[in-house]
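Here is the structure we will look at.
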Number of protein chains: 2
Amino acid sequence: MSRTIKVLLAEDQSMVREALAALLGLEEDIEVVAQVARGDEVLGAAREHAVDVALLDIEMPGATGIEAAARLHADLPHIKLVILTTFGRPGYLRSAMESGADAFLVKDAPAAQLAEAIRKVLTGERVIDPTLAAAALAEGANPLTEREREVLRAAADGSTNAELSKTLHLSQGTVRNYLSTAIQKLAVRNRAEAVRAAREKGWL
Amino acid sequence: MSRTIKVLLAEDQSMVREALAALLGLEEDIEVVAQVARGDEVLGAAREHAVDVALLDIEMPGATGIEAAARLHADLPHIKLVILTTFGRPGYLRSAMESGADAFLVKDAPAAQLAEAIRKVLTGERVIDPTLAAAALAEGANPLTEREREVLRAAADGSTNAELSKTLHLSQGTVRNYLSTAIQKLAVRNRAEAVRAAREKGWL
DNA sequence: CGAGCGGCATGACATCTGTCACGCGCCACT
DNA sequence: AGTGGCGCGTGACAGATGTCATGCCGCTCG
């Protein structure tokens, strides 16, 4: 079979998106058949275009690439999923895999790996940076409960306890308790460090 | 004159860098003659390669694209400078212009603008997003003193006052005073918000 | 069914943070 | 020579934050 590989490209920064399209355009056997700039446009575009592989950025408006991957995996399971991201956060890798991703690439890997990964996933192979995989396994699963994550996310912009208690409909004491347990689980010493730590791990 | 335009490309994420090179490679009159991944490699590469235009990302290890622009502007003033960045922060635009940049593009602008900007700067034209320019003028200059910026930068990762006082060789009271004035100048209510606000403006 | 966990809450306590008033020295500008 | 901005510091105070003990409810798992 030497049909061309049909790729859907999802990435919010147009310049990067079109540059990636140009890059893939150089490959004889690859054709970019659709481009979208938002996570919530992925599924629709995939339905319209007979796509073999979806190349998804994580950080996108509308829905993250990981959420988009989960939906594609559920609705159009024959499409192979390649996650492409700026941040090699172990937690991202973990959740990408749980969402059915076939490959996980970071943007500072050599460009040649992109086309290579696209070809490999079509043969059923999985493509993951071994260093990242090791990191993801080493750090273990996300220890934070759903509520703790929620509070951390809400606290990320510098809101005070009083504001958090209003937006989350909790008492101030409860907010402080959640933050306190999160701080302990992450082995840091205040909410700001907790937010940073959780972000870096991809646990936010 | 129909010599090809020789471009130096500085961007730390290889996949993006090579994709941009592919994109520019599609243009008949443009040739990417050098690629670097760090800000501190820009000057050396520019010296070796007879470059017409330097295309510089801001966020890079070694030195920011803005610092690299300043050095190029001082040492090789005939080279035109195009800043390309993810973040359309008004403060970035301002300091880019002060460093001698000829064009300022954000990565979510259409890809076509890139080649266009490269051609325009060579005719002596300046290329700036009008919306961004307006924002930069509207917000005024950075109100923070050098020390306030220093303390904010150091506080950005969630360090406590005690830690800040050690790393900055100041008393705890002084650290708090600087943070307090920064918080007031930025019209926010705590250090975390101050860090966010300063980042968003490009004042960090 | 009992144990344990997660969600939610309270109250008390120690510490951290942000503000304010004030002082000193240095430098630049008028 | 005086004024004002900035760097740096102190001390005092109010309010925010983090910790701990403790309790209740509902769910799940052995």
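Computed from a predicted structure; not experimentally measured. Per chain, numbering begins at 1; letters A, B, ... match sequence-line order.
- One atom, CD of A:Gln172, and another, P of C:dA12, lie 16 Å apart when rounded to the nearest Å.
- As judged by a 4.0 angstrom heavy-atom cut-off over every strand, A:Thr160 is placed among residues touching the sugar-phosphate backbone only.
- When all heavy atoms of A:His49 and A:Val33 are compared, the pair lying nearest together is ND1-O, 3.6 Å.
- A salt bridge is absent between A:Lys166 and A:Glu163; no separation between the charged side-chain nitrogens and carboxylate oxygens falls under 4.0 Å.
- Comment: B:Arg147 engages B:Glu150 in a salt bridge, judged by a side-chain N to carboxylate O separation of less than 4.0 angstrom.
- Side-chain N/O atoms of B:Arg176 and base N/O atoms of C:dG18 include a donor-acceptor pair closer than 3.5 Å.
- Side chain of B:Glu146, nearest nucleotide from D:dG7, D:dC20, D:dG18: D:dG7.
- If you check every strand for non-hydrogen atoms under 4.0 Å, B:Thr145 touches sugar and phosphate atoms only.
- When rounded to the nearest whole Å, the span between CG of A:Leu164 and P of C:dC8 equals 14 Å.
- Taking atom CG on B:Leu179 and atom P on C:dT17, their separation rounds to 9 Å, with Å as the unit.
- When the C1' atom of C:dT17 is taken as reference, atom CD of B:Glu163 falls 14 Å away, rounded to whole Å.
- In terms of heavy-atom proximity, B:Leu186 sits nearest to B:Ala194 at CD1-O, 3.5 Å.
- You won't find any donor-acceptor pair under 3.5 Å spanning the side chain of B:Asn177 and the base of C:dT17, going by distance alone.
- Between A:Phe87 and A:Tyr92, the shortest heavy-atom contact is O-CD2, 3.8 Å.
- Applying side chain to side chain donor-acceptor pair (under 3.5 Å) to A:Asp52 and the options A:His78, A:Lys6, A:Arg3 leaves one that passes, A:Arg3.
- At whole-Å resolution of the value, CG in B:Asn161 and P in D:dG15 are 19 Å apart.
- For the pairing with A:Val151, the side chain to side chain contact (heavy atoms under 4.5 Å, CB included) check across A:Val175, A:Asn161, A:Thr174 returns one residue only, A:Val175.
- Across C:dC20, C:dT17, D:dG9, the shortest atom-to-atom separation from the side chain of B:Ser171 is found for D:dG9.
- Near-neighbour residues of DNA chain D inside residues 187-203 of chain A, defined by a heavy atom below 4.0 Å, number-ordered: A:Asn190, A:Arg191.
- In this structure, B:Glu148 places its CD atom 12 Å from P of C:dT19, rounding to the nearest Å.
- Along DNA chain D, the nucleotide closest to A:Ile183 and the one closest to B:Thr174 are compared, and the more 5′ of them pairs with B:Thr174.
- Atoms OH (A:Tyr178) and C1' (D:dG18) sit 16 Å apart, rounded to a whole Å.
- For the pair A:Leu170 CG and C:dG6 C1', the interatomic distance rounds to 13 Å; values are reported in whole Å.
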